[in-house]
Amino acid sequence: MREIFAGLPWWVKWVAVPVIALVVFGGLIASVVGFLVWLLFKVLIFVALVGGLVYVVRKFMAGSASRGDW
């Protein structure tokens with residue numbers, strides 16, 4: 001592989017080949033990035049909901065413990 005690229009100009013190695021790779025694999029790259037963003041969004045929603053649940057439960061438990069209902 002190195003022998004193939006050895007005789008080529010720099011712009012072929014650093015511009016043309018990456019552009020061709022983006023054209024060929026662009027859809028795959030976009031779908032992988034989209035999936036990762038979707039997964040990160042779901043994880044953030046999960047963390048926010050669990051954090052809210054913990055906050056509400058602690059608030060409720062602190063309020064009921066101070067009233068002496070238990």
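Along the sequence shown, residues carry numbers from 1.
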Would you mind writing out the side-chain donor-acceptor pairs for residues 35-61 within the sub-3.5 Å range, not counting sequence neighbours?
none

Exercise. Got a second to check how far Phe5's CZ is from Trp14's CH2, nearest 0.5 Å?
Worked result: 10.0 Å
Just distance, no hydrogens or angles: give the donor-acceptor pairs under 3.5 Å from side chains in residues 17-30, sequence neighbours left out.
none

